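Data block below; observations after.
Note that the structure is a prediction, hence the values are computed from the model and not measured. Letters go in sequence order (proteins before strands), and every chain restarts at 1.
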2 protein chains.
Amino acid sequence: MRISQSEENYLKAIYKLSEKTDKPISTNQIAKEMMMAAASVTDMVKKLSEKKLIHYTKYKGAILTDTGEAKATDLIRKHRLWEVFLLEKLSFAWDEVHDLAEELEHINSDQLTNRLDAFLGYPKFDPHGDPIPDAQGNMQRRDQSILATLNNGDKGHLVGVQEHSKSFLQYLGQISLTLGAHIEIIEKYEYDQSLKIIINKDKESIISNKVSQNLFIKL
Amino acid sequence: MRISQSEENYLKAIYKLSEKTDKPISTNQIAKEMMMAAASVTDMVKKLSEKKLIHYTKYKGAILTDTGEAKATDLIRKHRLWEVFLLEKLSFAWDEVHDLAEELEHINSDQLTNRLDAFLGYPKFDPHGDPIPDAQGNMQRRDQSILATLNNGDKGHLVGVQEHSKSFLQYLGQISLTLGAHIEIIEKYEYDQSLKIIINKDKESIISNKVSQNLFIKL
DNA sequence: AAATATTTTTAGACAAGTCTAAAAATATTT
DNA sequence: AAATATTTTTAGACTTGTCTAAAAATATTT
């Protein structure tokens with residue numbers, strides 16, 4: 001069954017929104033995520049429902065079927081593999097890879113995907129630390145804590161980011177906080193929950209709570 | 001100015017047809033090349049003409065403008081670079097790369113193209129021996145003769161193919177005639193112009209005139 | 001539980017890119 | 001040069017994916 005690029009984007013959005021909840025995803029949620037009019041979403045969920053990619057009941061929202069979820073997982077696999085390619089092979093920066101991967105992910109060829117995977121050495125995580133599903137759709141769970149929840153003296157490595165916005169990633173680059181960097185908490189300021197940290201046992205930085213909420217650390 | 005994927009395909013077709021002639025390309029020629037109805041072509045050439053990508057006069061045919069030609073050259077650059085990538089890095093076969101490159105070429109990012117070019121080591125020819133335009137649109141001319149025009153005792157290397165069809169490329173693969181292979185003409189049969197050749201100073205083959213018409217040799 | 005607010009769907013419109021069938025223009029044959 | 005054939009364009013239709021505005025359903029507040 002042919003799935004259009006547009007339909008694929010809806011599946012991805014529903015998948016993403018479903019990660020935070022078990023409840024059906026509402027029309028408005030999808031519309032907001034995709035920056036589209038709610039009416040357009042209604043039309044599309046009907047189509048996806050006919051194609052058995054989602055379960056959908058009028059006014060109640062959408063849930064991915066197994067087929068739909070497999071399709072979404074495959075898109076995420078492709079997206080993240082391309083991100084690794086762009087970063088590792090073409091030396092793009094952290095914050096530049098997302099938009100290009102967004103286009104590349106729509107090329108549908110299992111052979112291409114699997115060969116790319118092999119070429120890259122079967123990476124398990126992408127440049128943001130997000131897990132890459134394998135050809136069967138299984139992905140490794142990342143063992144992580146949110147930096148903001150840790151305390152004085154705690155240390156570990158940066159294994160992922162929650163935010164993916166360009167500005168956030170650029171900011172991290174500026175304070176040389178890259179994936180894998182070693183982080184030690186020197187002090188947690190009660191007042192605004194900001195943290196004084198040492199990056200790679202070398203450079204001291206003070207980061208806001210908003211930042212530390214978005215960093216995943218492995219102790 | 002935004003050029004749609006569909007418009008890009010028309011530009012490529014017109015470019016391809018223009019290689020063989022200086023005359024304007026007719027609606028029917030384009031329709032045949034793209035396997036589309038002539039009416040659709042008429043609609044599209046009007047659009048391309050408005051966008052100043054082609055010169056078009058009703059009933060007379062289309063010629064690429066400088067802008068249109070630059071755009072087409074850039075598409076060919078991307079197509080051929082992706083073919084090199086697929087073959088050299090992802091070990092696809094000769095006959096498998098075309099369709100995927102056809103999709104990849106529509107991703108529009110000069111940065112991506114140029115970095116891919118660098119990653120591949122600035123190749124000058126693609127896996128079919130066709131020249132790859134550089135970032136300025138210049139391409140090297142291939143120094144070549146058509147195998148069918150050569151005679152007993154002539155020898156050289158296979159530097160390109162004229163046909164790009166899967167079946168032709170698969171056939172070449174079967175008789176281990178790959179790009180760069182050494183070829184010597186042992187005998188030319190008057191009767192049907194077929195050739196007895198030795199490939200890589202080792203394997204003898206008899207190839208039809210239809211095949212030798214489609215092989216480019218550098219003496 | 002009635003009134004009000006919000007969400008979702010329906011209805012109708014539009015652009016892009018395609019098609020078929022008919023009309024118009026051009027080219028070829030006799 | 002008239003008749004015929006071919007090519008090209010026009011006219012009108014269809015699909016996909018989007019939108020806005022209005023109607024309907026659901027949720028929240030008082």
Between C/dA16 and B/Y10, is there an OP1 or OP2 to side-chain N/O distance shorter than 4.0 Å?
no
Rounded to whole Å, OH of A/Y59 lies from P of C/dT8 at a distance of 10 Å
Quiz prompt | Donor + acceptor pair across side chains of B/S109, B/Q111 (<3.5 Å) | solution = no
Closest to the side chain of B/A38, out of D/dT20, D/dT9, D/dT18, is D/dT9
To the nearest angstrom, the CG-P distance between B/L48 and C/dT18 comes to 11 Å
Check: Looking across every strand, which nucleic acid part, if any, lies under 4.0 Å from B/T42 by heavy atom: base, sugar-phosphate, or nothing?
Finding: base
The nucleotide from D/dC19, C/dT26, C/dT18 with an atom nearest the side chain of B/S6 is C/dT18
Separation between CG (A/N28) and CD (A/E33), nearest 0.5 Å, reads 13.0 Å
B/K32 NZ to D/dT7 C1', in whole Å, measures 14 Å
Which part of the nucleic acid does A/T27 contact within heavy-atom distance under 4.0 Å: base, sugar-phosphate only, or nothing?
sugar-phosphate
Please check if any side-chain donor atom of A/S194 sits under 3.5 Å from a side-chain acceptor atom of A/D192, or the reverse.
yes
Side-chain atoms of B/N28 come closest, of D/dT7, C/dT8, D/dA11, to D/dT7
D/dT16 -> Watson-Crick or G-U wobble partner, both distances under 3.5 Å, gives C/dA15
Re D/dA24: Watson-Crick or G-U wobble partner, both distances kept under 3.5 Å, found to be C/dT7
Between CZ of A/R2 and P of D/dT15 the distance, given in whole Å, is 17 Å
query: Just by distance, with hydrogens left out, do A/H128 and A/E83 show a side-chain donor and acceptor under 3.5 Å apart?
result: yes
Whichever of A/K58 and B/K60 has the more 5' nearest nucleotide on DNA chain D, that residue is B/K60
Of the candidates D/dA21, C/dC19, D/dT18, the side chain of A/D43 sits closest to D/dT18
When rounded to whole Å, the NZ to C1' distance for the pair A/K51 and D/dT16 reads 10 Å
Taken to the nearest whole Å, NZ/B/K23 to P/D/dT7 is 14 Å
message = By the 4.0 Å heavy-atom rule, please label A/K46 as base, sugar-phosphate, or nothing.
response = sugar-phosphate
Among the nucleotides C/dT18, D/dT8, D/dA11, whichever has the atom closest to the side chain of B/S26 is D/dT8
Taking C/dT18, D/dT9, D/dC19 as options, the one with an atom nearest any side-chain atom of B/Y56 is D/dT9
note: B/M35, atom CE; C/dC19, atom C1'; distance rounded to Å ~ 16 Å
note: A/M44, atom CE; D/dC19, atom C1'; distance rounded to Å ~ 14 Å
Would you sort out whether A/D117 and A/R77 count as a salt bridge (charged side-chain N to carboxylate O under 4.0 Å, His left out), showing the intermediate values? CA-CA 9 Å; A/D117 195 12; A/R77 168 170 161 78; 3.0 Å; yes
Between A/D134 and A/Q140, do the side chains contain an N or O donor and an N or O acceptor separated by less than 3.5 Å?
-> no
